[in-house]
Every structure is written in structure tokens, then in C-alpha cells.
Amino acid sequence: MSEPHRQWSEYWTTDGASGEVFVNARGEKHPYLAEYWKKKFEGLEKGDRIIDLASGAGSVFGQLPDDHGLDLHAVDVSLEALGVLRSRIPGTTTVVCAADSVPYQDHMFDLVVSQFGIEYAGIEAFGEAARLVSRGGSLIALCHIRDGYIDSNNRAQLAEAMLAVETGFIDKAIALSEAAFSTDNDAQAKARGEFIPAERQLAAAVARQKIGIHAHLYQGFRQLFEERQCYALSDITNWLSEMRADLDRNIDRLTRIREVALSADDMIRVEEMLTAQGLQDVSYGSFETPGNDMPVAWDLSANRD
């Protein structure tokens, strides 16, 4: 398994286990995103064949009614994500593969969909998506948009996660904890003096950006240290070691998501690729939701006559 594939498999068994990527404040699928897909599925007939490219754990198909009668297919690089999908939407045929190399014949699907997924396989994956669209069929995709709402939040979280690494917060928190459990007053004073500047920087980061791995690290350690009489030293240091691994994983994932966010120039290339594959009525614009002053995604659609 390649490193990116391994990282996404870990994601879908932890943070992504709900199957949702863009959620509201309560961690539920964003209602406007859900409504978007419900409208797109209107007019489909029983037996129509649909494929979700880079499906993740089934967020898109989760908007279908129980009695949809459709022939559902999903592909993703993560076996774990597809396992979650099958448990949520029984009867879906799943294939572990990348979105730029899908083992289906040309023009097999009445509808090809993707939500925050196909772009991870590169611009070429849009040509692969077009290849799968049947005569009279359509392609519909929501894709990460450069400098949009999600990308801007990811940029802010990534910057603060990197700050947590750069300040050495975890190493200094471990040293502070070890000193606090000792009887060496000089070691305690030294560890405290080295920790305080890093703690102040991370506290400022949490004030700027309240959500993210940096905030979980800061708030979690603060609670553990203040209540350290209730814990063994190993409980605190083991938690910090686990947070170090979580921090690295989050930095890798946020970096990857930011890398695939599509610019306006990228969308011109996508349009050219879809047209070269014989699709017509290629259209793209920003998908926006009330309350956000930035677009959430690119809203892409195309048809084959």
C-alpha cells in the first residue's frame, strides 16, 4: 500500500468513519450539501447505473431513498472506506482502485458522480470520469476549490499545526510532565521556563483558529497537566506520543487536501478534457452555502448526447 493510500485508510477508520467530509457545527452532513445531491438524483429511473468515483465512505449515496432501485457502484483507494460504505448502503458494488484507472468499460454509467474525491487522482481522472458516461448520461461533481471556504480553513489549521511542531510543544510538554513528577526543583523550573514560550504561542494559535489538531493538543494537555494528580506519568507521556503521531497525520492530510484544491485555470483544463472525451454542456461554477462568504466547492456538470 502506498503512503497516501495508507494515510487515507487510517483516516476512514478514525476521523472519517462517519462517512461525511463537509459537516455542520454538530458534526452532521451539511444540509445544503445533502439537498444538493437529493435534487441531482431526482428523475433517475429504477435500474439506472450510477458510479461514485473516489467515493469515500458513501456520503453521496447516503442521500438516496431506501427504495431507490438503482444499480450502485463505488470506487475508492481505501478498502476501509468502501467497507463503511457497504454497511451504510447495502447492495453497492465496490472496487478498490484510483479514480484515474477504473476497471469498467466505456460508457457504462447513466450517472457518474464525485464529491471532494476525483481531484485527488489528478486532472487526468476527469477524463476517466468522462469515459464512463453513457449515451444520454451525465457527470456531476463537487470538487475542492482553491481559496474557498474549506481550503481557507484547511490553510489556517495547517499553519497552526505546523506551529505546534515548530515550537516543540510536545517535547517541552513531556519534559515539563517528567519534571513535575520528580522532586528536582531546578529541573521543574528549567522545564517550566522552556515550556511557557511554546505554550503561549500555541494558546495564541487556538485563539486565532479554535478548531484543529493544535487546539486538541493544547486543550488536552492543559487538562491532563492540571489534573496530573489523577494520572500516572506514563498516561500523560503516552497521550502526548499519540498526539505527535496524530499531528503528523493531520499535517500530511491537510497538505494533501490543499494540494488538490482546483484553481480557475485548473477548471479550464478540466473543461477541455471533458470536451475532448465527447461530453457536451460542460458547466462549472461555485457552490455556495448560506452563512459562508466564500464558495465551498466547484460545481461541475456535463452530459453526453
Side-chain angles (χ1 to χ4, degrees), residues 1-9 11-12 21 40 49-57 59-61 73-79 81-82 85 93-135 137-148 150-151 154 252-287 295-305:
M1 182 184 295
S2 68
E3 184 65 13
H5 293 181
R6 182 189 63 77
Q7 291 168 357
W8 282 113
S9 291
Y11 171 77
W12 288 117
V21 176
K40 296 300 182 182
R49 183 175 289 178
I50 307 177
I51 187 168
D52 186 356
L53 301 180
S55 63
S59 179
V60 174
F61 286 168
H73 297 252
V75 302
D76 197 273
V77 296
S78 170
L79 177 64
L82 294 176
L85 184 151
T93 299
T94 59
V95 179
V96 179
C97 69
D100 62 348
S101 181
V102 181
Y104 284 106
Q105 295 178 357
D106 294 355
H107 315 318
M108 280 191 63
F109 294 93
D110 301 291
L111 180 60
V112 177
V113 300
S114 184
Q115 174 184 279
F116 303 130
I118 188 174
E119 59 269 34
Y120 288 93
I123 296 292
E124 295 75 15
F126 289 91
E128 181 75 342
R131 179 185 69 80
L132 299 169
V133 178
S134 68
R135 301 291 177 186
S138 300
L139 164 67
I140 300 172
L142 292 176
C143 305
H144 286 293
I145 183 170
R146 182 81 54 81
D147 296 325
I150 295 175
D151 185 44
N154 287 340
D252 288 341
R253 184 172 64 84
L254 290 169
T255 299
R256 176 67 171 146
I257 297 173
R258 293 220 63 221
E259 287 174 347
V260 305
L262 301 172
S263 66
D265 288 342
D266 291 329
M267 294 306 296
I268 292 173
R269 292 177 57 202
V270 168
E271 180 180 17
E272 292 171 347
M273 187 165 294
L274 298 183
T275 302
Q277 284 283 350
L279 296 192
Q280 298 84 34
D281 308 320
V282 179
S283 173
Y284 62 89
S286 59
F287 174 76
V296 171
W298 288 112
D299 184 355
L300 172 69
S301 63
N303 303 307
R304 188 184 297 279
D305 293 338

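- With a 4.5 Å cut-off on side-chain heavy atoms, Val95 and His73 do not count as touching.
- For the atom pair Phe61 CZ and Asp52 CG, the distance stands at 5.0 Å (nearest 0.5 Å).
- Residues Asn303 and Ser138 come closest through the heavy atom pair OD1-OG, 2.7 Å.
- Taking CD of Gln277 as the start and CD of Glu272 as the end, the distance is 13.5 Å to the nearest 0.5 Å.
- Annotation: Gln105, atom CD; neighbour count of heavy atoms from other residues, nucleotides and ligands within 6.0 Å does not exceed 12.
- No side-chain heavy atom of Ser301 sits under 4.5 Å from any side-chain heavy atom of Asp281.
- Judged purely by atom type and a 3.5 angstrom limit, Glu124 has no side-chain atom pairing as donor or acceptor with the backbone of Asp100.
- In this structure, Pro295 and Ser286 approach most closely via the heavy-atom pair CB-CB, 3.5 Å.
- Annotation for Ala302 and Val282: closest pair CB-CG2, 3.9 Å, computed over non-hydrogen atoms.
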task = Mind running side chain to side chain contact (heavy atoms under 4.5 Å, CB included) on Val60 and Ile50 for me, showing each step along the way?
result = CA-CA 11 Å; Val60 174; Ile50 307 177; over 6 Å; no
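- Here the side chains of Phe116 and Ser59 are not in contact, with every heavy-atom distance at 4.5 Å or above.
- When all heavy atoms are compared, the tightest approach of Val77 to Ala98 is CG1-CA, 3.7 Å.
- Between the CG atom of Leu132 and the CG atom of Leu111 there is a distance of 11.5 Å, given to the nearest 0.5 Å.
- Salt-bridge formation is detected for the pair Asp106/Arg131: a Lys NZ or Arg NE/NH1/NH2 atom is positioned less than 4.0 Å from an Asp or Glu carboxylate oxygen.
- At distances below 3.5 Å, at least one donor-acceptor pair connects side-chain atoms of His107 with backbone N or O atoms of Val133.
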message = Could you walk me through whether Asp110 and Arg49 satisfy the side chain to side chain contact (heavy atoms under 4.5 Å, CB included) test, starting with their C-alpha distance in whole Å, then the side-chain angles of each, then the deciding distance to 0.1 Å, before giving a yes or no?
response = CA-CA 5 Å; Asp110 301 291; Arg49 183 175 289 178; 3.8 Å; yes
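- With rounding to the nearest 0.5 Å, the separation of CZ in Arg258 from CZ in Arg253 is 13.5 Å.
- Considering CG of Asp252 and CD1 of Ile257, their distance stands at 11.0 Å, rounded to 0.5 Å.
- A side chain to side chain contact (heavy atoms under 4.5 Å, CB included) with Tyr284 is found for exactly one of Leu274, Ile145, Leu300, namely Leu300.
- Panel note: side chain Arg304, backbone Ala130; a donor-acceptor pair is recorded below 3.5 Å.
- Looking only at side-chain heavy atoms (C-beta outward), Tyr120 and Asp76 stay at 4.5 Å or farther from each other.
- Applying the side chain to side chain contact (heavy atoms under 4.5 Å, CB included) criterion to Ile123, with sequence neighbours excluded, gives Leu262, Asp266, Arg269, Val270, Met273.
- Of all heavy-atom pairs between Glu128 and Val102, the closest is OE2-N, 2.8 Å.
- Leu142 has its side chain within reach of Asp299: a pair of non-hydrogen atoms, C-beta onward, lies under 4.5 Å apart.
- Although no hydrogens or angles enter the test, the distance criterion places no donor-acceptor pair under 3.5 Å between the side chain of Ser134 and the main chain of Met108.
- Contact detail for Ala54 and Ile118: the closest heavy-atom pair is CB-N, 3.8 Å.
- Taking the side chain as every heavy atom from C-beta outward, Leu82 and Ser55 approach each other to under 4.5 Å.
- Note that SG of Cys97 and CG of Leu53 are 8.0 Å apart. Values are rounded to the nearest 0.5 Å.
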